Amino acid sequence: MCGIVGYIGHREAYPIILKGLKRLEYRGYDSAGIALFDGNDIKLCKTKGKVDDLEKKITKEISTTGSLGIGHTRWATHGVPNDVNSHPHYSNSGNLVIIHNGIIENYEPLKKELLKRGYKFTSDTDTEVLVNLIEDIKDNENIKLGKAVQIALNQVVGAYAIAVFDKNKPNEIVVARLGSPLAIGIGDDEFFIASDASPFIEYTNNAIYLEDEEMAIVRRHKEVNIRKIKDDSLVNPYVQELQINLEQIEKGGYDHFMLKEIYEQPHAIKDTYRGRLLTDKAIIKMAGIEDNMKKFLNANRIVVVACGTSWHAGLVSEYIFEDLARIPVEVEYASEFRYRNPVITENDVVIAISQSGETADTLAAIKLAKSKGAFVFGVCNVVGSSIARETDAGAYTHAGPEIGVASTKAFTTQITVLTLIALRLARAKGTISSSDYRHHLLELEMIPDKVAKALKSDEKVKEIANIYKDAKNFLYLGRGYNFPVALEGALKLKEISYIHAEGYPAAEMKHGPIALIDENMPIVVIATKKGHYDKIVSNIQEIKSRKGIIIGIVTKGDTMVKALADHVIEVPETMESLSPLVTTIPLQLLSYHIAVMLNKNVDQPRNLAKSVTVE
Ligand code: M6R
């Protein structure tokens with residue numbers, strides 16, 4: 001959950017690393033640091049705070065010349081965020097310097113052993129233990145850095161993506177991965193190292209993604225040498241052509257990535273169904289489903305595993321799969337599933353949903369499900385991510401890079417993919433009539449336009465945000481397909497504005513949460529026409545009689561809720577099963593505007609990181 005960057009080649013390393021760290025800040029932003037080799041020695045600067053803080057400090061402290069360097073932006077796991085715990089970390093001799101993303105779980109016994117051998121530690125980090133372990137092995141056995149890294153990593157339990165270099169061998173960087181991503185950009189006589197390809201996208205289109213338990217020695221003027229950490233066998237490098245471009249990872253005139261990503265949704269949803277939704281032929285074409293159709297059709301049930309927003313998309317899919325394809329579905333928090341000895345057999349299909357494809361709990365849930373013989377299907381956004389590789393088959397969402405920590409377009413594109421799958425299975429099983437099926441396809445094709453119309457509520461949402469920005473609590477209510485949307489709306493508000501918010505199925509309110517309602521409580525109610533409308537109207541009446549403030553998300557032209565609510569935000573009409581794709585838009589905008597008005601860091605909310613690669 002940290003970002004790592006490295007460079008070795010013929011250019012100045014510092015500007016490349018600094019820019020790369022800014023692009024990777026979504027992965028963690030509580031401290032940052034850079035180590036450069038200036039031709040004679042290592043120059044290192046690090047600080048608590050953001051990459052901007054590092055930039056202000058670095059030129060005052062060190063010379064930034066040199067064509068080899070590594071940099072880090074941190075999300076703390078061991079040790080509080082402060083200057084000392086920031087990366088890079090030196091070994092005791094000062095010869096080696098390392099950056100690390102992940103956790104060394106057995107760092108305490110390793111540290112004890114090293115302390116006995118006279119090593120000293122200045123930080124509280126597991127990383128400083130690792131670099132000294134490497135140094136100890138290297139010096140004692142009088143071996144090269146690469147070999148020492150390999151031996152050390154075979155003693156380590158945990159997860160890592162590391163980059164380390166030796167000032168006495170300043171023509172190589174040794175990198176390795178287990179459980180945390182690591183890409184090597186292959187330029188013209190130069191190499192880039194990074195947690196994802198965004199730091200080097202303007203320099204090269206070619207990259208190698210290291211697999212788990214692989215390490216590489218990246219040498220100036222040489223080929224990349226990749227080996228298995230366990231048995232030292234050589235690996236043939238697979239060079240991939242990158243599918244992202246610079247424009248996609250920049251803000252493009254928006255104040256925040258989150259706002260850009262909210263506005264990208266019409267386009268992103270179209271990209272998700274492009275080539276898959278063929279309305280003229282009334283066909284849904286998805287290779288991952290066609291190739292594994294028997295598995296899906298013979299499945300006793302589908303078990304969805306995911307975290308956060310992806311879990312909410314999974315909850316929406318429960319309604320879709322059961323409603324359309326009549327397949328029983330269970331939706332599990334990956335973090336619970338992985339530790340509770342779940343009953344999973346080879347007759348289950350497990351769908352793992354993840355934007356980043358790197359979420360540690362989801363990855364562990366996949367491994368567990370596979371070990372029990374289940375067929376695991378991935379729904380990921382990041383191409384080539386760990387989850388995409390670990391699953392038996394899958395479908396990408398093609399949403400483009402999502403940089404804002406709060407997930408927006410990932411949610412709607414995940415729902416789009418899951419809807420396509422459910423419709424395809426429903427057709428194959430004969431649980432949907434051909435007219436209903438066609439109707440769904442046509443409606444789905446119109447969703448990008450409807451999302452674009454829902455985005456027109458932005459000004460109205462902003463006015464409402466201004467009225468309620470100082471509220472201490474919010475409730476979000478929805479029913480049926482829109483119950484998960486209520487959960488998602490509450491999560492968005494919590495994570496970027498730090499206002500306490502709860503999502504509930506509207507009818508559950510009377511079993512407890514209704515006690516919270518008074519004249520100070522804003523309650524966002526998703527009350528669109530299709531699906532439980534009358535029931536929702538009754539729930540609204542119950543709230544009104546307790547003086548709660550209603551912000552209704554209603555179908556365009558609605559009058560009944562309008563007459564009861566304090567405010568309404570209109571969204572275009574669509575079928576109930578597709579309604580989450582439009583009702584979620586004003587909720588995303590509401591949380592965005594409140595957070596901006598409260599002066600919060602929208603794209604990098606406190607304590608969070610974009611991909612949670614630790615437990
Ligand atoms: O990359 P993933 O979809 O696996 O991430 C799962 C959650 O960490 C993520 O959705 C998180 O809840 C977001 N910050 C929500 O906006």
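Note that this is a predicted model, so its numbers are computed, not measured. First listed ligand is number 1; within each ligand, the first listed atom is number 1.
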Of the protein's non-hydrogen atoms, which lies at the shortest distance from [atom], and what is that distance?
atom	result
atom 7 (C) of ligand 1	Cys307 O, 3.7 Å
atom 16 (O) of ligand 1	Glu495 OE2, 2.4 Å
atom 5 (O) of ligand 1	Thr359 OG1, 3.4 Å
atom 8 (O) of ligand 1	Val612 CG2, 3.9 Å
atom 12 (O) of ligand 1	Gly308 CA, 3.3 Å
atom 1 (O) of ligand 1	Ser356 OG, 2.6 Å
atom 10 (O) of ligand 1	Thr309 N, 3.0 Å

With a cut-off of 4.0 Å, which atoms of ligand 1 are near a heavy atom of [X]?
X	result
Ala406	16 (O)
Ser310	2 (P), 3 (O), 10 (O)
Ser354	1 (O), 2 (P), 3 (O), 4 (O)
Lys492	15 (C), 16 (O)

Less than 4.0 angstrom from a charged side-chain N to a carboxylate O is my criterion; do [X] and [Y] meet it?
X	Y	answer
Glu211	Arg389	yes
Asp392	Lys295	no
Asp30	Lys48	no
Lys494	Glu502	no
Arg424	Glu290	yes

Parallel, tilted or perpendicular: which describes the rings of Tyr468 and His567, with under 30° parallel and over 60° perpendicular?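 Perpendicular.
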Tell me the nearest of Asn381, Val405, Asp361 to atom 13 (C) of ligand 1, using heavy-atom distances.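 Of the listed residues, Val405 has the closest heavy atom.
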Supply the atom-to-atom distance Lys19 NZ to Phe200 CZ, rounded to the nearest 0.5 angstrom.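 The CZ atom of Phe200 is 12.5 Å from NZ of Lys19, to the nearest 0.5 Å.
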Please indicate whether any nitrogen or oxygen in Thr362 is less than 3.5 Å from any nitrogen or oxygen in ligand 1.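 In fact, backbone or side chain, Thr362 has no N or O that close.
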Are His256 and Tyr592 near enough that their ring centres are under 6.0 Å apart?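 Yes, the ring centres sit under 6.0 Å apart.
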What do we get for Glu358 next to ligand 1 when only non-hydrogen atoms under 4.0 Å count, side chain, backbone, both or neither?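 Glu358 to ligand 1: no contact under 4.0 Å from either part.
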Would Phe377 and Phe296 count as a ring-ring contact (aromatic ring centres under 6.0 Å, His included) if you check the C-alpha gap in whole Å, the side-chain angles of each, and the deciding distance to 0.1 Å? CA-CA 10 Å; Phe377 189 90; Phe296 280 98; 5.5 Å; yes
